[in-house]
Amino acid sequence: MNQTEPFFRQIGAEQDRWLAEVSSVDRAARRLLEGEPRRARSPFVAPLLLSAGLAAAAVAVFVRARPLTVERGDDHGAISVGADIAARERPVALAFSDGSTMELDVASRARVAGLGAHGARIVVERGRAKISVVPRKGNDWNVEIGPFHVAVKGTRFSLRWDPDTERFDFDLEKGKVVISAPCLDHARALEAGESLHASCRWQPADRQPAPVAEAPREASHQAPGEAPGEAPVADERPGARPHAAAPAWRKLASAERYDEALAAAERGGFAGECRRRDASELLILGDVARLAGSPARAEQAYAAARAKRGAADRSAFGLGLVAFDQRRDYRGAATWFATYLREQPRGPLSEQAEGRVMDAWQRAGEPVRAREAAQGYLTRYPRGAYADLARRLTLR
């Protein structure tokens, strides 16, 4: 044991004792200063009590002013503010010095963007996290997930975020939170047992996205060689043409069964799917392939979407994710994220794209470009999810 540990433990015990006595000492000193009639005291008592109260208050301020610390539960040591926390092959547990905890599921990423004396600012970039915040007076915990902001005092909850589909799922087990986002008509106050399922792309924002309806059909209506689940569905509008029902892979994707969805698309002929489907469906097919771990198929689907509709919504962002997360091609990733910003300057993923651009340039060993991107990010998002990283890059 370090020889200084008993000394610091003793100091800690004394500080705890002083803190417990602060309120009573302050009250006694206040009564004396205000002249409250009490039993006779020595003329030295008031100054002593006042001095004790001030000393205790100073100790309290010193103790409370220290920011929280956080460590990984897998013996990886302390976590620095802004560091990337990725749960690749196993969950990652974090322990804060006030007793609060966070656990990231596999394939999830997050950052501790700030640490204060009364809480932390956590950014969940993707995946699922379970967070438990110890209730304390003056708590100031904030969790940022895409465009969503969760204000926390003391509670236990789980959340999931997919930046590609912009899907946000939140389940509150204990306590209260307030969730706000630009796409919500007002801040939502949730209590224990309540949930919020939202997306700034799907509307209404507080409802589960509607499942794709399976079209009624009979086996005799299926054309030769037609993939299962793709029989034509009659449109009763005058002059309307039949259109195909949702493919089997789409239903599996809605259930987040991405490996099975990709396998279903392969069985139906992946290249054929890229020819048959419109740009919106191809974006989803690209997501399926990427999340199933097939960067080549993801690129094929995203490229097909771009070919059918040019700047096809978030296809450039999807290609940037493939380059960044799976190819480790950071130059290519920066180019694709910049392409998204050029095509969708006010798109819902603009802030994330700007943050990814500067992150990609720094990983590619381009400090000048990274610094320029960081300066632009701070101009537009001074309190954004990547603000801490941007500030560090501007100082290099």
- request: Return yes if some donor-acceptor pair links the side-chain N/O of R391 with the main-chain N/O of P382 below 3.5 Å, else return no.
  value: yes
- prompt: How far apart are the C-alpha atoms of S294 and L262, what are their side-chain angles, what is the distance that settles it, and do they pass the side chain to side chain contact (heavy atoms under 4.5 Å, CB included) test?
  reply: CA-CA 9 Å; S294 177; L262 178 58; 3.8 Å; yes
query: What's the spacing between M102 CE and W141 CH2 if we round to 0.5 Å?
result: 9.0 Å
task: Using a strict cut-off of less than 4.0 Å between a Lys/Arg side-chain nitrogen and an Asp/Glu carboxylate oxygen, indicate whether D359 and R363 qualify as a salt bridge.
output: yes
message: If you count heavy atoms of other groups shown closer than 6.0 angstrom to CZ of R88, is the number above 12?
response: no
task: Decide yes or no on salt bridge (Lys or Arg N to Asp or Glu O under 4.0 Å) for E281 and R276, but give the supporting numbers first.
output: CA-CA 10 Å; E281 286 185 303; R276 285 191 295 270; over 6 Å; no
Pairwise distance CG(D388) to CG(L378) - rounded to 0.5 angstrom: 9.5 Å
task: Could you tell me the separation between the CZ atom of F148 and the CZ atom of F170, rounded to the nearest 0.5 Å?
output: 12.0 Å
message: Please determine whether side chain to side chain contact (heavy atoms under 4.5 Å, CB included) holds for the pair L115 and T69, giving the CA-CA distance in whole Å, both sets of side-chain angles, and the decisive distance to 0.1 Å.
response: CA-CA 7 Å; L115 288 169; T69 59; 5.5 Å; no
message: Just so I know, are the side chains of Y386 and R356 near enough to count as touching, which here means a heavy-atom distance under 4.5 Å?
response: yes
Sub-4.5 Å side-chain heavy-atom contact between R109 and D84: yes
message: I'd like to know whether F157 forms a side chain to side chain contact (heavy atoms under 4.5 Å, CB included) with D171, so could you lay out the CA-CA distance, the side-chain angles of the two residues, the decisive distance to 0.1 Å, and finally the verdict.
response: CA-CA 6 Å; F157 57 88; D171 296 296; over 6 Å; no
- request: Please determine which of F324, W336, W361, F337 meets the ring-ring contact (aromatic ring centres under 6.0 Å, His included) test together with Y330.
  value: F324
query: Roughly how far apart are E354 CD and T379 OG1, rounded to 0.5 Å?
result: 9.0 Å
message: Do I284 and R250 make a side-chain contact, defined as non-hydrogen atoms from C-beta onward lying under 4.5 Å apart?
response: yes
query: Do S350 and Q344 have side-chain heavy atoms sitting under 4.5 Å apart?
result: no
task: Before giving the answer on side-chain hydrogen bond (donor to acceptor under 3.5 Å, both in side chains), spell out for D98 and S100 the whole-Å C-alpha distance, their side-chain angles and the decisive distance to 0.1 Å.
output: CA-CA 6 Å; D98 70 339; S100 300; 3.1 Å; yes
Pairing of R188 and E194 as salt bridge, 4.0 angstrom limit: no
field: Exercise: identify the closest heavy-atom pair between A129 and V124
entry: CB-CG2, 4.4 Å
task: Check the pair E343 / R306 against salt bridge (Lys or Arg N to Asp or Glu O under 4.0 Å), numbers first and verdict last.
output: CA-CA 11 Å; E343 295 174 347; R306 295 183 68 77; 2.5 Å; yes
- prompt: Is there a side-chain contact between N142 and V150, using heavy atoms and a 4.5 Å cut-off?
  reply: no
- prompt: Going by an N to O cut-off under 4.0 Å, is there a salt bridge joining R156 and E173?
  reply: yes
query: Side chain of Y340, backbone of P345: donor and acceptor closer than 3.5 Å?
result: no
task: For R160, look at atom CZ and say whether over 12 heavy atoms of other residues, nucleotides or ligands are found less than 6.0 Å away.
output: no
query: Does any non-hydrogen side-chain atom of L393 lie less than 4.5 Å from one of M358?
result: yes
message: For the backbone of L159 and the side chain of K130, can you confirm whether one donor and one acceptor N or O come within less than 3.5 Å of each other?
response: no
- request: Output the distance between atom CG (L172) and atom CD1 (I179), rounded to the nearest 0.5 Å.
  value: 8.0 Å
Euclidean distance, Q362 CD relative to R392 CZ, rounded to 0.5 Å: 8.0 Å
message: Hydrophobic cluster membership, with links at side-chain heavy-atom distances under 4.5 Å among I/L/V/M/F/W/Y: are L321 and V288 in one?
response: no
- request: Flag the pair T339 / F317 as yes when at least one side-chain heavy-atom distance between them is below 4.5 Å, and no otherwise.
  value: no
task: Tell me, with the steps shown, if E103 and V92 meet side chain to side chain contact (heavy atoms under 4.5 Å, CB included).
output: CA-CA 6 Å; E103 182 178 338; V92 171; over 6 Å; no
task: Would you mind checking if R128 and D169 are paired as a salt bridge, meaning a charged N to carboxylate O distance below 4.0 Å?
output: no
field: Carboxylate-amine/guanidinium proximity below 4.0 Å for E144 and R111
entry: no
- prompt: According to a 4.5 Å side-chain heavy-atom criterion applied to Ile, Leu, Val, Met, Phe, Trp and Tyr, with indirect links allowed, do I131 and V81 form part of one hydrophobic cluster?
  reply: yes
L196 side chain reached by F168 side chain, heavy atoms, under 4.5 Å: yes
query: Side-chain heavy atoms under 4.5 angstrom apart, residues restricted to Ile, Leu, Val, Met, Phe, Trp, Tyr: same cluster for L282 and L252?
result: no
query: Can R369 and E372 be counted as an ion pair, charged N to O under 4.0 angstrom?
result: no
message: Between R331 and E366, does any side-chain N to carboxylate O distance fall below 4.0 Å?
response: yes
query: With ring centroids as reference points, do F270 and W249 lie under 6.0 angstrom apart?
result: no
